[in-house]
Engineer: 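Just dropping this structure here.
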Number of protein chains: 2
Amino acid sequence: MIVTSSIPVKTLERLLLYRWTLKNYLDPENTHIVSRRLSEITGFSPAQIRRDFMSIGYSGSSAHGYKIKDLINAIDKAICPHSAQNIAVAGIGQLGKAVINYIQGRSTLLKIKAAFDNDPEKINKVFHGVRTYHTDEIEKIIRKEDISMAILALPPANAQEIAMNLVNAGVKAFLNYSPIKLNLPEHVYIENRDMLLAVEKIAYFARSLKKGTDENEGIS
Amino acid sequence: MIVTSSIPVKTLERLLLYRWTLKNYLDPENTHIVSRRLSEITGFSPAQIRRDFMSIGYSGSSAHGYKIKDLINAIDKAICPHSAQNIAVAGIGQLGKAVINYIQGRSTLLKIKAAFDNDPEKINKVFHGVRTYHTDEIEKIIRKEDISMAILALPPANAQEIAMNLVNAGVKAFLNYSPIKLNLPEHVYIENRDMLLAVEKIAYFARSLKKGTDENEGIS
DNA sequence: TACTACCTGTGAAATATTTCACAGCAGAAT
DNA sequence: ATTCTGCTGTGAAATATTTCACAGGTAGTA
């Protein structure tokens, strides 16, 4: 058995997107898909798609392309959880609730099991099946619910401290929507999703494309 | 004068982060910064940081490093708007409101000028200074307010159609939080931010890091 | 002035990622 | 059975991105 090293992050991201796309595409009419078609849908090149599937060891047929059901299974095996992984949301303001709204129920194995906040008003309220606890209870609840991931949707002032508490309780990976650079131990994974930076990024492209007759005019 | 071609996307992202970091770092004590220090804060290597600044033509001093104020200006000149750019939010549910909450007021030149929804309950309400209009008015409002960018926070069912209406009205770039692959003309820029994919991504790392004594065990 | 320490800017090397291009296969058609 | 078509898998090339490593600069110190 070949024990390959880990999948490159970019490949991982594409695989997740293929998986999601394929689930939508699959129906009795469409049991198979060829790389060119998937390319049209996702925007990645056919060659890249084939290479990505190669990287997880899935082979298609030269006549019908890839069998969608098997392909999804292969992606699952390579990069999706085999057992439940539980999530906490820190900060149960508008964004925290939006995240719960958005995530909860969309995955069978990834579940939000608790929310944390320090506003007494919010404690013990249940939203979409998620109970909010006081941040003092992080240690206890994280261990009790076996939570290994957290989504931060907090005001920046508290984010660092609360993230550190979560790490100490056993959280290994963060999705950080708070506009702050977290300073956490090396072994913790952090994915930053600052909305303002995202808007600034698209603003750059909106400008480049504004009057552009061609696409290359980043700096003038 | 050298008219370089456009900045690579990854460099752009880092520059935006430097800019934000530097703004926080700047105070009477810290007028200058060296690449090593900025590396400690941002996690990018000193060589990369120097090269990024090189790419926008900003030079530091070999004695004191980079003068923060000038550096921020140089980044502004290279990648930030020189005049106002207006934004619309499509879908004024929990996520749409969270986005407005988060963005509005954090940038002087990027402003959310309108929201769209088709729930009659929401029309004409004003939230953080942003009025919600019916989606039928997209064409009119986008042109009136000179909006070139849109943030999509809609249920997937409507997203494609509304995005297309926005494009027809003149929107050039999208930040898409709806879990859907948009099919829009080539010249439109789309930045996808599906939250579920983001969670699945961190879940992958949470697993790899769970019991790992070393960091390379993506597939076992 | 001379020496030290530490920094930037950058060519060149290293690495990572994507694309090219084609051999080889499998079903369809005749 | 043979030919045709269109697809996958993949070595090799191309491209993009990051790091190395060091020349050269500037301030501080004696």
Side-chain angles (χ1 to χ4, degrees), chain A residues 2 4-18 22 25 30-72 74-75 78-79 201 215-216 218-219, chain B residues 2 4-18 22 25 30-72 74-75 78-79 201 215-216 218-219:
Chain A
I2 300 167
T4 3
S5 59
S6 73
I7 294 172
V9 177
K10 292 187 137 190
T11 305
L12 175 67
E13 289 173 352
R14 285 192 302 269
L15 286 169
L16 289 167
L17 186 61
Y18 300 145
L22 292 167
Y25 190 78
N30 299 307
T31 57
H32 291 71
I33 194 169
V34 299
S35 60
R36 189 173 37 74
R37 179 78 189 101
L38 191 51
S39 165
E40 286 162 11
I41 304 175
T42 62
F44 303 118
S45 78
Q48 178 151 74
I49 289 169
R50 294 200 298 275
R51 200 165 280 282
D52 286 340
F53 295 159
M54 201 177 97
S55 83
I56 57 167
Y58 186 73
S59 286
S61 120
S62 55
H64 303 116
Y66 301 94
K67 187 170 175 195
I68 297 179
K69 241 181 100 187
D70 292 354
L71 177 51
I72 292 173
I75 297 176
I79 62 168
K201 181 177 169 187
E215 76 267 11
N216 284 325
I219 306 177
Chain B
I2 302 165
T4 4
S5 60
S6 75
I7 295 173
V9 177
K10 291 187 138 189
T11 305
L12 175 68
E13 289 174 351
R14 285 192 302 269
L15 285 169
L16 288 167
L17 186 61
Y18 299 146
L22 292 167
Y25 190 78
N30 299 306
T31 59
H32 291 70
I33 194 167
V34 299
S35 59
R36 190 172 37 74
R37 179 79 188 98
L38 190 51
S39 165
E40 287 161 10
I41 303 175
T42 62
F44 303 118
S45 78
Q48 178 151 75
I49 289 169
R50 293 200 298 275
R51 199 166 281 282
D52 287 340
F53 295 159
M54 201 176 99
S55 81
I56 58 168
Y58 186 72
S59 286
S61 121
S62 55
H64 302 115
Y66 301 94
K67 188 172 174 190
I68 296 177
K69 241 180 99 186
D70 293 354
L71 178 50
I72 291 173
I75 297 176
I79 60 167
K201 181 176 169 187
E215 76 265 13
N216 285 326
I219 306 177

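Chain letters run A, B, ... following the sequence lines, proteins first and then strands; every chain starts at 1.
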Engineer: Could you check which of C:dC20, C:dT18, D:dT8 has an atom nearest any side-chain atom of A:Ala47?
Structural biologist: C:dC20
Engineer: For the pair made of CE in B:Met54 and P in C:dG9, what is the distance, rounded to whole Å?
Structural biologist: 9 Å
Engineer: Heavy atoms only: give me the nearest A:Ser55-A:Thr11 pair and the separation to one decimal.
Structural biologist: OG-CG2, 3.8 Å
Engineer: Assign A:Pro46 to base, sugar-phosphate, or nothing according to its heavy-atom contacts below 4.0 angstrom with the strands shown.
Structural biologist: nothing
Engineer: Let me know, please, whether B:Asp52 or A:Ser35 comes out on the 5' side of the other along DNA chain D by nearest nucleotide.
Structural biologist: A:Ser35
Engineer: If you assign each of A:Arg14 and A:His64 to its closest nucleotide in DNA chain C, which residue comes earlier from the 5' end?
Structural biologist: A:Arg14
Engineer: Reading DNA chain D from 5' onward, which residue's closest nucleotide shows up sooner: B:Ser62 or A:Tyr58?
Structural biologist: A:Tyr58
Engineer: Please determine whether any donor N or O and acceptor N or O are separated by less than 3.5 Å between the side chain of A:Arg51 and the base of C:dT19.
Structural biologist: yes
Engineer: Please work out if B:Phe53 contacts a base, only the sugar-phosphate, or nothing of the nucleic acid, heavy-atom cut-off 4.0 Å.
Structural biologist: nothing
Engineer: Taking the side chain of B:Lys10 as its heavy atoms from C-beta onward, which of D:dC7, D:dT17, C:dT17 lies nearest to it?
Structural biologist: D:dT17
Engineer: Under 4.0 Å between a side-chain N/O of B:Ser45 and OP1 or OP2 of D:dT19, yes or no?
Structural biologist: yes
Engineer: Considering only side-chain heavy atoms of B:Ser59, which listed nucleotide, D:dT17, C:dG9, D:dT19, is closest?
Structural biologist: C:dG9
Engineer: How many Å lie between CZ on B:Arg50 and P on D:dA23, as a whole number?
Structural biologist: 15 Å
Engineer: Please state how far atom CD1 in B:Ile49 lies from atom P in D:dC20, giving the value in whole angstrom units.
Structural biologist: 14 Å
Engineer: If I take atom CG in residue B:Leu15 and atom P in nucleotide D:dT18, what distance separates them, rounded to the nearest angstrom?
Structural biologist: 12 Å
Engineer: Could you check how far CG of B:Leu38 sits from P of C:dT8, rounded to whole Å?
Structural biologist: 10 Å
Engineer: A:Glu40 has an atom CD; how far is it from atom C1' of D:dC7, in whole Å?
Structural biologist: 14 Å
Engineer: Rounded to the nearest Å, what distance is computed from the CG atom of residue A:Leu71 to the C1' atom of nucleotide D:dT8?
Structural biologist: 13 Å
Engineer: Measure across A:Ile7 and A:Leu12 and return the closest heavy-atom pair with its distance rounded to 0.1 Å.
Structural biologist: CG2-N, 3.7 Å
Engineer: State, to 0.1 Å, how close A:His64 and A:Val34 come at their nearest heavy-atom pair, and which atoms those are.
Structural biologist: O-CG1, 4.0 Å
Engineer: Could you tell me the separation between the CG atom of A:Leu12 and the P atom of C:dT17, rounded to a whole number of Å?
Structural biologist: 12 Å
Engineer: What's the shortest heavy-atom distance between A:Leu71 and A:Leu22, and which atoms?
Structural biologist: CD2-CD1, 3.6 Å
Engineer: Choose from C:dC7, C:dG9, D:dT19 the nucleotide whose nearest atom is closest to any side-chain atom of B:Val34.
Structural biologist: C:dC7
Engineer: Can you name the nearest heavy-atom pair linking A:Tyr58 to A:Asp70, along with the distance?
Structural biologist: OH-CB, 3.1 Å
